[in-house]
Amino acid sequence: MTALVATFRKELLSFFVSPVSWVVGILFYWWRGVELRALVDYFARYRIDQELLPPQTYGLGSTFLMVVLVPGLLTMRSFAEERRTGSLETLLTAPIRDGEVIVGKWAAATVFYSLLWLPSVLVLHALEYGPFLGADLAFGPVFAAYLGMFLLSGMLLAFGCFASSLTDNVLLAALLTIMFDYGLLSLPRQLAAQLGELADAYYVRELLDKLDVMRNFSEWFARGLIDTSQVAFYVGGIVFFLCLTGISLAARRIA
């Protein structure tokens, strides 16, 4: 446990001193600010029900950026950089468990990712005041949507750790994660269309339904509904990819 906490603190501090992290945060909130201003003006101009505003923010381009690109950028150095510099061998031979190192690195990336997202809740709160909407927003659905977003992102970050453990090239690790993230968001519906009648088979349909994270997010979390099966799917995905990371490191130790 001591090694886990030490790894967590070290990795979290590295995010705060990394210029990449700050560039990501600045670009995200600049882009999101522009999109939110345009969205608020649209709602005010056409007098649209303001309760529909929070769900609309989840479909903005900045949200897509954060889900597809940022997990790979945050995790690309987790193990690839240590493999490149040779410090991974020292880490693997130290009297600490691989699981503590893996969970510590993943938890640090997840916490920092969450900190990047949390100010957007304050932005939504600021929009309640007079110069903008001048009305109260229901934050119950917002909580459910952010929970779904964090669970999905936690799984993507876990895959990012796994991808980083496979190579000593940080750019390749980031690219692998970005490709996986984009594929998870876009391929399930395309597969369902390509499979035809096979997609109606029970197990195939259930698998495609669980993998279609965009549809599940819009039908459940974005509407303020928490689907326990989806929560279990994301938690299972996190554990699965962290276990794969452990297997990858164990194989390197044996080699």
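Please read these numbers as outputs of a predicted model, since none were measured by experiment.
- A heavy-atom distance below 4.5 Å is found between the side chains of F79 and C161.
- Under the side chain to side chain contact (heavy atoms under 4.5 Å, CB included) rule, T110 has a single partner from Y113, W106, F112, which is W106.
- Between L244 and F159 the shortest side-chain heavy-atom distance does not fall below 4.5 Å.
- One side chain, R32 or T63, offers a donor N or O that lies under 3.5 Å from an acceptor on the other.
- At a threshold of 4.5 Å between side-chain heavy atoms, the hydrophobic network of Ile, Leu, Val, Met, Phe, Trp and Tyr places F240 and L249 in one connected group.
- Y203 belongs to a hydrophobic cluster with Y202, counting contacts under 4.5 Å between side-chain heavy atoms of Ile, Leu, Val, Met, Phe, Trp and Tyr, direct or through other members.
- In this structure, CG in D168 is found 9.5 Å from CD in E81, a value given to the nearest 0.5 Å.
- For the atom pair OG of S18 and CG of L13, the computed distance is 11.0 Å after rounding to the nearest 0.5 Å.
- Rounding to the nearest 0.5 angstrom, the gap separating the CH2 atom in W220 from the CD1 atom in I226 is 11.0 Å.
- Here the side chains of F241 and I102 are not in contact, with every heavy-atom distance at 4.5 Å or above.
- A 6.0 Å sphere centred on CZ of R215 holds more than 12 heavy atoms belonging to other residues, nucleotides or ligands.
- One finds the OG1 atom of T245 at 8.0 Å from the CG atom of L166 (value rounded to the nearest 0.5 Å).
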Sequence neighbours excluded and cut-off under 3.5 Å, please list the side-chain donor-acceptor pairs for residues 172-185, or say none.
residue: T177; atom: OG1; partner: A173; partner atom: O; Å: 3.0

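- In this structure, a donor-acceptor pair under 3.5 Å is absent between the side chains of S78 and S164.
- Residues F150 and L118 have side chains in contact (heavy-atom distance under 4.5 Å, counting atoms from C-beta outward).
- Hydrophobic cluster membership is shared by F16 and L73, with clusters built from Ile, Leu, Val, Met, Phe, Trp and Tyr side chains linked at under 4.5 angstrom.
- Taking 4.5 Å as the limit, every side-chain heavy atom of L12 sits out of range of all side-chain heavy atoms of R9.
- By the 6.0 Å contact criterion, CZ on R77 is open, its count of non-hydrogen atoms from other residues, nucleotides or ligands being 12 or less.
- Q230 contributes no side-chain N or O that, together with a main-chain N or O of N216, makes up a donor-acceptor pair within less than 3.5 Å.
- No chain of hydrophobic side-chain contacts below 4.5 Å, direct or via other Ile, Leu, Val, Met, Phe, Trp or Tyr residues, connects L187 to L152.
- In summary, the side chains of D227 and S229 do present a donor paired with an acceptor at a separation below 3.5 Å, with no hydrogens or angles considered.
- Although no hydrogens or angles enter the test, the distance criterion places no donor-acceptor pair under 3.5 Å between the side chain of D212 and the main chain of R189.
- You'll find the side chain of M155 stays beyond 4.5 Å of the side chain of L151, heavy atoms only.
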